[in-house]
Amino acid sequence: MRRSDINALLREAAAFFAAHQFALPPWAAWSPEEWAAHPAVARYCAARQMGWDVTDFGSGDFPRRGLVLFCLRNGIAGVPGEAPYAEKLMMVREGQETPWHWHRVKMEDIIVRGGGSLAVEVFSRTADGRRGEGPVIVHCDGMAREVAPGEPILLAPGQSITIPRGLAHRFYGAPSTGTVLVGEVSQVNDDHADNVFLEELPRFAAIEEDEPPLHPLWNEVAA
């Protein structure tokens with residue numbers, strides 16, 4: 001991805017979150033120079049993978065397959081005394097896919113906070129890791145629901161789904177409903193080790209530096 005495109009997406013996401021009255025912490029607007037001037041905050045956030053994240057999952061086609069995220073809070077996996085929870089905010093465009101993946105450890109709630117509707121698809125995995133062909137029981141706001149593998153579950157604003165660890169899932173903005181403000185509340189998030197994609201995909205985008213960064217992504221903040 002070009003840095004200029006990432007910068008434009010950060011501006012778009014910040015405006016989108018603000019339009020839905022979701023305020024971000026002060027450091028969300030920091031420049032690279034401001035992060036450098038606050039080394040203790042930089043170390044804290046970098047160690048916990050907190051801050052901006054933009055990825056196209058190596059697709060080269062962000063509108064089709066990509067995601068803008070902001071991690072508001074998180075702990076460090078496996079470290080006693082650290083927060084055992086994480087919270088993220090995401091901007092998902094219509095038809096824009098976060099591809100099939102599952103988590104080794106993390107259990108999460110995916111919540112539509114505003115905007116359009118989100119389509120979520122799931123399937124179970126067999127003991128040897130293959131795609132299960134049977135129905136799946138998921139909980140949407142505490143209500144059990146049986147769905148076929150890959151059947152779209154449409155979530156309107158205010159609705160959510162619980163994704164247990166090991167359950168394969170993907171999501172995308174439902175067509176003709178608008179950009180979706182998505183929240184995630186989960187166990188500690190570790191984007192280095194806990195995501196297993198069904199395709200061979202990079203979690204982080206390769207960046208072409210065609211202009212200076214507006215805000216560094218969390219994995220660019222010096223620890």
Side-chain angles (χ1 to χ4, degrees), residues 1-58 62 66-92 98 101 103-111 113-114 163 165 181-197 201-209 211-223:
M1 298 185 69
R2 293 183 299 182
R3 180 68 69 175
S4 56
D5 293 332
I6 291 173
N7 288 344
L9 288 166
L10 295 179
R11 293 186 183 96
E12 178 186 346
F16 180 68
F17 297 159
H20 287 83
Q21 298 186 342
F22 201 114
L24 299 177
W27 42 262
W30 283 0
S31 65
E33 293 75 21
E34 287 172 300
W35 277 105
H38 295 82
V41 180
R43 287 192 298 271
Y44 184 93
C45 291
R48 291 160 183 81
Q49 304 180 19
M50 293 165 56
W52 288 107
D53 186 358
V54 179
T55 182
D56 64 356
F57 303 102
F62 178 85
L67 190 60
V68 178
L69 311 92
F70 189 88
C71 184
L72 293 141
R73 62 200 87 250
N74 198 14
I76 303 175
V79 177
E82 278 289 325
Y85 52 81
E87 181 185 10
K88 287 184 177 181
L89 196 62
M90 295 172 269
M91 181 180 72
V92 182
T98 290
H101 65 287
H103 302 292
R104 295 184 173 96
V105 176
K106 185 174 74 172
M107 183 176 187
E108 62 186 326
D109 277 9
I110 296 174
I111 311 151
R113 299 291 193 189
I163 306 290
R165 68 180 60 88
L181 177 64
V182 180
E184 178 188 308
V185 176
S186 72
Q187 294 170 282
V188 170
N189 179 83
D190 183 358
D191 278 324
H192 289 304
D194 196 43
N195 304 304
V196 182
F197 290 97
L201 298 175
R203 171 59 182 79
F204 303 102
I207 300 176
E208 176 189 338
E209 301 291 354
E211 70 179 36
L214 176 67
H215 314 303
L217 307 182
W218 71 256
N219 60 334
E220 298 174 324
V221 174

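The structure displayed is predicted, hence computed values, not measured ones. Scope of the values below: all heavy atoms of this structure, side chains included, with no hydrogens, waters or symmetry mates.
Note: N189 CG to N74 CG = 5.5 Å, rounded to the nearest 0.5 Å. A distance of 11.0 Å separates CG of L201 from NE2 of H101, quoted to the nearest 0.5 Å. With rounding to the nearest 0.5 angstrom, the CG atom of L9 is 9.5 Å from the OG atom of S4.
By the 30° and 60° cut-offs, the orientation of the rings of W30 relative to W35 is perpendicular.
With sequence neighbours excluded, the residues satisfying salt bridge (Lys or Arg N to Asp or Glu O under 4.0 Å) with K88 are D191. Evaluation of the ring-ring contact (aromatic ring centres under 6.0 Å, His included) rule for F17 yields no partner, not counting sequence neighbours. Residues meeting the side-chain hydrogen bond (donor to acceptor under 3.5 Å, both in side chains) test with E108, sequence neighbours left out: H103, H169.
The salt bridge (charged side-chain N to carboxylate O under 4.0 Å, His left out) contacts involving residues 1-11 comprise R2-D5, R3-E209, R3-E220, where partners must be two or more places apart or lie in separate chains. Residue pairs meeting the salt bridge (charged side-chain N to carboxylate O under 4.0 Å, His left out) criterion with at least one partner in residues 70-84, sequence neighbours excluded, are R48-E82, R73-E87. Within the structure, no pair that satisfies the salt bridge (charged side-chain N to carboxylate O under 4.0 Å, His left out) test touches residues 13-24, not counting sequence neighbours.
Taking each heavy atom of P32 and P213 in turn, the nearest pair found is CD-O, 3.8 Å. Closest approach of F16 to M91, counting heavy atoms only: CD2-CG, 3.7 Å. Nearest heavy-atom pair, G78 versus P80, reported as atom, atom and distance to 0.1 Å: O-CD, 3.5 Å. Summarising the geometry of V54 relative to A205, their closest heavy-atom pair is O-CB, 4.1 Å, with the distance given to 0.1 Å.
Residues M90 and F70 have side chains not in contact (no heavy-atom distance under 4.5 Å, counting atoms from C-beta outward). Considering only heavy atoms from C-beta on, L72 stays 4.5 Å or farther from M50 through its side chain. Taking the side chain as every heavy atom from C-beta outward, V105 and V188 never approach each other to under 4.5 Å. Using a 4.5 Å heavy-atom threshold, the side chains of V92 and L181 count as separate. Annotation: side chain of V182 is not in contact with side chain of L89 (no heavy-atom distance under 4.5 Å). The closest side-chain heavy-atom distance from L214 to S31 is not below 4.5 Å. The side-chain heavy atoms of V221 and C45, taken from C-beta on, include no pair separated by under 4.5 Å. S186 is not listed as a side-chain neighbour of Y85, based on a closest heavy-atom distance of 4.5 Å or more.
For F204 and H192, the ring centers sit closer than 6.0 Å to each other.
Proximity of a side-chain donor or acceptor of W52 to a complementary backbone N or O of H215 within less than 3.5 Å is not detected.
Looking at E184 and R113, no side-chain N of the basic residue comes within less than 4.0 Å of a carboxylate O on the acidic one, giving no salt bridge.
Checking each of D190, D56, D53, D194 against R203 for a salt bridge (Lys or Arg N to Asp or Glu O under 4.0 Å) leaves exactly one that passes, namely D53.
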